[in-house]
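Note that the coordinates shown come from a computational prediction; the quantities given were computed from them, not determined experimentally. Side chains included, hydrogens not; waters and symmetry mates left out as well; all remaining heavy atoms used. Residue indices begin at 1 and follow the sequence shown.
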Amino acid sequence: MTDLVKNDGQYIANTYARFNLQIKRGKGAIFYDFDGKKYIDLTSGIGVNSFGVSDKIWQKAVKKQLKTLQHTSNLYYTKPCVDLAKLLCEKTGLKKVFFANSGAEANECAIKTARKYAVDKKGEEYFNIITLKDSFHGRTITTLSATGQDHYHELFNPLTTGFLYAEKNFESVEKLVKENKVAGIMLEIIQGEGGVIPLDKEFLTKVQELCKKEDILLIIDEVQTGNGRTGKLYAYMNYGLSPDIVTTAKGLGGGLPIGACMFNEKTEKVLGYGEHGSTFGGNPVSSSGAVSILERLTEEFLQEVNKKSKIIFDFFKDKTGVKSITGLGLMIGIKTVKPVKEVIKECMASGVLCLSAKDKLRLLPPLNIKEKDLIKALSVIEKALG
């Protein structure tokens, strides 16, 4: 398939450093290239394919909707997005949902909502959003500005103003709140792109208390951590938090583009008619696929996610070649002795696909990966680790 690589280079913008792998098809957690070589997928499209590739239940829901109505504008009512919003609200206790097409768009909605809430309550000078260093919130100019990693900013100045970056400790956050007029604090429970770094429970609890005291909105970015990835439906549930806004995307759609910004009783009425919108938000096909995903993320299923998580943590405990292991559920980062790029290359040569996050090996397998496939993949990684 030399034409595939050649045409990709000729016609697609050069924004991705692709691996030398041409995927033809897949099933569950297994990919096949054009030569028929088999790969165990521990990436799930960077946390997107919640139930793997070509999932029958997801396919059935999507195909059924395609035959009925693929799209209409948000000027009219459609059933799939209403069904999805109802499910999300019932499962989280949140009150309303705005649908977008991606995590970045969901985060844009959250930022706009926080700023409007603060303007309405306190005045237009309350526009600052606090995020954490090593955070990642998207690649639009505003969500890039929210991202607390300088190297993402370097080529795209001037950035959107009004973002403050705190260290991952409460004193740093508190200091920024005291010194600035703040509309919201936006956090990832586990910093994925920042190195699979889980935040401390005590820190999160203190930030929530500060937000309530100062009437600052607590925004939890669940783009990568949400939809069962951490062994709970949403990662904030592991810590007993009650956010004002929750954003999510990736695994919600199971392979189709969708993003969601969810509001509690404090924020559900902040945005009015014409103050935000999305042409494809709540698309019937994407929403139908998402319903099929969300309906299957039951407590029983999530127990299986945690069981597989324990298998991974136990497997790499005290292993040669492993400096540390972090994460929750099936969102795991392994600090390797060998350079992580070498480990990924060796794993791919042996039929296992992994990701990186800074200097860590990152594992985001499909939530329903078979135990035998998972254990086989872990053995390949162990060998690659040396």
(message) Quick check against the 3.5 Å criterion: does Lys335 have a side-chain atom that pairs as donor or acceptor with the backbone of Ile325?
(response) no
(message) Does Lys266 have more than 12 heavy atoms from other residues, nucleotides or ligands lying within 6.0 Å of its NZ?
(response) yes
(request) Evaluate salt bridge (charged side-chain N to carboxylate O under 4.0 Å, His left out) for Lys307 paired with Glu371, printing each intermediate quantity in order. (result) CA-CA 10 Å; Lys307 179 183 176 184; Glu371 280 190 29; 3.3 Å; yes
(request) Given salt bridge (charged side-chain N to carboxylate O under 4.0 Å, His left out), test Glu304 with Lys308 step by step and report yes or no. (result) CA-CA 6 Å; Glu304 289 298 308; Lys308 291 168 192 171; 5.5 Å; no
(message) Which residue is it: Ile129, Val207, Val177, Asn128? I am looking for the one with a side chain to side chain contact (heavy atoms under 4.5 Å, CB included) to Ile216.
(response) Val177
(message) Rounded to the nearest 0.5 Å, what separates atom CD1 in Ile258 from atom SG in Cys81?
(response) 9.0 Å
(message) Tell me whether Asn157 at atom CG has more than 12 heavy atoms from other residues, nucleotides or ligands lying less than 6.0 Å away.
(response) yes
(request) Would you confirm whether Ser135, through its side chain, and Gly148, through its main-chain N or O, come within 3.5 Å as a donor-acceptor pair? (result) yes
(request) Could you tell me whether Lys269 atom NZ has more than 12 heavy atoms of other residues or ligands within 6.0 Å of it? (result) no
(message) Could you measure the distance from the CD1 atom of Ile130 to the CG atom of Leu164? Nearest 0.5 Å is fine.
(response) 5.5 Å
(request) Would you sort out whether Ile189 and Ile220 count as a side chain to side chain contact (heavy atoms under 4.5 Å, CB included), showing the intermediate values? (result) CA-CA 7 Å; Ile189 299 297; Ile220 301 296; 3.9 Å; yes
(request) Would you confirm whether Glu268, through its side chain, and Asn264, through its main-chain N or O, come within 3.5 Å as a donor-acceptor pair? (result) no
(request) Can you measure from CZ (Phe156) to OG (Ser145) and round to the nearest 0.5 angstrom? (result) 11.0 Å
(request) Verify, without hydrogens or angle tests, whether Gln208 (side chain) and Ser242 (backbone) share a donor-acceptor contact under 3.5 angstrom. (result) yes
(request) Taking atom NZ of Lys338 as the centre, report whether more than 12 heavy atoms of other residues, nucleotides or ligands fall under 6.0 Å from it. (result) yes
(request) Report yes or no: is the cationic atom of Arg25 (NZ for Lys, CZ for Arg) closer than 6.0 Å to the six-membered ring centre of Tyr32, at no more than 45° off its axis? (result) yes
(message) Let's go through Cys354 and Ile381 carefully: what are the C-alpha distance in whole Å and the side-chain angles of both, what is the deciding distance for side chain to side chain contact (heavy atoms under 4.5 Å, CB included) to 0.1 Å, and is it a yes or a no?
(response) CA-CA 9 Å; Cys354 306; Ile381 295 171; 3.9 Å; yes
(message) Tell me if the aromatic rings of Phe263 and Phe98 count as close, with their centers under 6.0 Å from one another.
(response) no
(message) For Phe203, does the six-membered ring have the charged nitrogen or CZ of Lys201 within the cation-pi criterion, i.e. under 6.0 angstrom from the centroid and within 45° of the normal?
(response) no
(request) Using atom types as modelled and distance alone, determine if a side-chain donor or acceptor of Gln22 lies under 3.5 Å from a backbone N or O of Leu4. (result) no
(message) How about CG on Asn20, more than 12 heavy atoms from neighbouring residues, nucleotides or ligands closer than 6.0 Å, or not?
(response) no
(request) Mind checking the CG-CG spacing from Leu233 to Leu294? Nearest 0.5 Å is all I need. (result) 6.0 Å
(message) With a 3.5 Å distance limit and no angle check, can you tell me whether Asp221 reaches the backbone of Val223 through a side-chain donor-acceptor pair?
(response) yes
(request) May I have the step-by-step check of ring-ring contact (aromatic ring centres under 6.0 Å, His included) for Phe136 and Tyr152, ending in yes or no? (result) CA-CA 9 Å; Phe136 184 87; Tyr152 284 111; 5.2 Å; yes
(message) Please tell me whether Phe301 and Phe51 form a close aromatic pair, meaning their ring centres lie under 6.0 Å apart.
(response) yes
(message) I want to check something: taking the side chain as every heavy atom from C-beta on, are Lys206 and Glu174 in contact at a cut-off of under 4.5 Å?
(response) no
Distance-only check: which donor-acceptor pairs under 3.5 Å involve side-chain atoms of residues 38-46, not counting sequence neighbours?
unit_1: Tyr39; atom_1: OH; unit_2: Asp33; atom_2: OD2; d: 3.3
unit_1: Asp41; atom_1: OD1; unit_2: Thr43; atom_2: N; d: 2.9
unit_1: Asp41; atom_1: OD1; unit_2: Thr43; atom_2: OG1; d: 2.5
unit_1: Asp41; atom_1: OD1; unit_2: Ser44; atom_2: N; d: 3.4
unit_1: Asp41; atom_1: OD2; unit_2: Ser44; atom_2: N; d: 3.1
unit_1: Thr43; atom_1: OG1; unit_2: Gly45; atom_2: N; d: 3.4
unit_1: Ser44; atom_1: OG; unit_2: Gly47; atom_2: N; d: 3.3
unit_1: Ser44; atom_1: OG; unit_2: Arg229; atom_2: NH2; d: 3.3
unit_1: Ser44; atom_1: OG; unit_2: Leu364; atom_2: O; d: 2.5

(request) Heavy atoms only: give me the nearest Leu378-Ile311 pair and the separation to one decimal. (result) CD1-CG2, 4.1 Å
(message) So for atom NZ, which belongs to Lys121, do other residues, nucleotides or ligands contribute more than 12 heavy atoms lying within a distance under 6.0 Å?
(response) no
Sequence neighbours excluded and cut-off under 3.5 Å, please list the side-chain donor-acceptor pairs for residues 60-70, or say none.
unit_1: Gln65; atom_1: OE1; unit_2: Ser288; atom_2: OG; d: 3.4
unit_1: Gln65; atom_1: NE2; unit_2: Leu69; atom_2: O; d: 2.8
unit_1: Thr68; atom_1: OG1; unit_2: Lys64; atom_2: O; d: 2.9

(request) Spell out, as yes or no, whether a donor-acceptor pair under 3.5 Å connects the side chain of His153 to the backbone of Leu144. (result) yes
(message) Nearest 0.5 angstrom please: Leu94 CG to Cys89 SG, how far?
(response) 6.5 Å
(message) The criterion is side chain to side chain donor-acceptor pair (under 3.5 Å); which residues satisfy it with Thr230, sequence neighbours excluded?
(response) Asn238
(message) Closer than 3.5 angstrom, by distance alone: can the side chain of Lys122 be matched with the main-chain N or O of Asp215 as a donor-acceptor pair?
(response) yes
(message) Does atom CD (Glu124) have a neighbourhood of more than 12 heavy atoms from anything else shown, all under 6.0 Å?
(response) no
(request) Could you go through the salt bridge (charged side-chain N to carboxylate O under 4.0 Å, His left out) check for Glu193 and Arg362 one step at a time? (result) CA-CA 9 Å; Glu193 303 298 327; Arg362 178 170 39 157; 3.0 Å; yes
(message) Taking the side chain as everything from C-beta on, heavy atoms only, tell me whether Leu132 gets closer than 4.5 Å to Val173.
(response) yes
(request) Tell me, with the steps shown, if Gln224 and Glu188 meet side chain to side chain contact (heavy atoms under 4.5 Å, CB included). (result) CA-CA 9 Å; Gln224 190 169 144; Glu188 303 159 278; over 6 Å; no
(message) Treating Ser172 as the side-chain partner and Ala166 as the backbone partner, does any N or O pair qualify as donor plus acceptor under 3.5 Å?
(response) no
(request) List the steps and the verdict of side chain to side chain contact (heavy atoms under 4.5 Å, CB included) for Val53 and Lys27. (result) CA-CA 5 Å; Val53 182; Lys27 183 67 179 175; 5.8 Å; no
(message) Just by distance, no angles: are the side chains of Asn227 and Tyr234 close enough, under 3.5 Å, to form a donor-acceptor pair?
(response) yes
(message) With a 4.5 Å cut-off on side-chain heavy-atom distances among I, L, V, M, F, W and Y, is there a chain of contacts connecting Val340 to Leu353?
(response) yes
(message) For a quick test of reading the model, state the closest non-hydrogen atom pair linking Met331 to Thr225 and the distance between them.
(response) SD-CG2, 3.6 Å
(request) Please report the shortest heavy-atom distance between Ile111 and Ala146, naming the atom on each side. (result) CD1-CB, 4.4 Å
(request) Answer yes if the side chains of Asn74 and Ser278 hold a donor-acceptor pair under 3.5 Å, and no otherwise. (result) no
(message) Check this for me: does any side-chain nitrogen of one of Lys175 and Glu179 sit under 4.0 Å from a carboxylate oxygen of the other?
(response) yes
(message) Let me confirm one number: the OG-CD1 distance from Ser292 to Ile57, rounded to the nearest 0.5 Å.
(response) 7.5 Å
(request) Give a yes or no on whether the backbone of Gly282 and the side-chain of Ser286 come within a donor-acceptor separation of less than 3.5 Å. (result) no
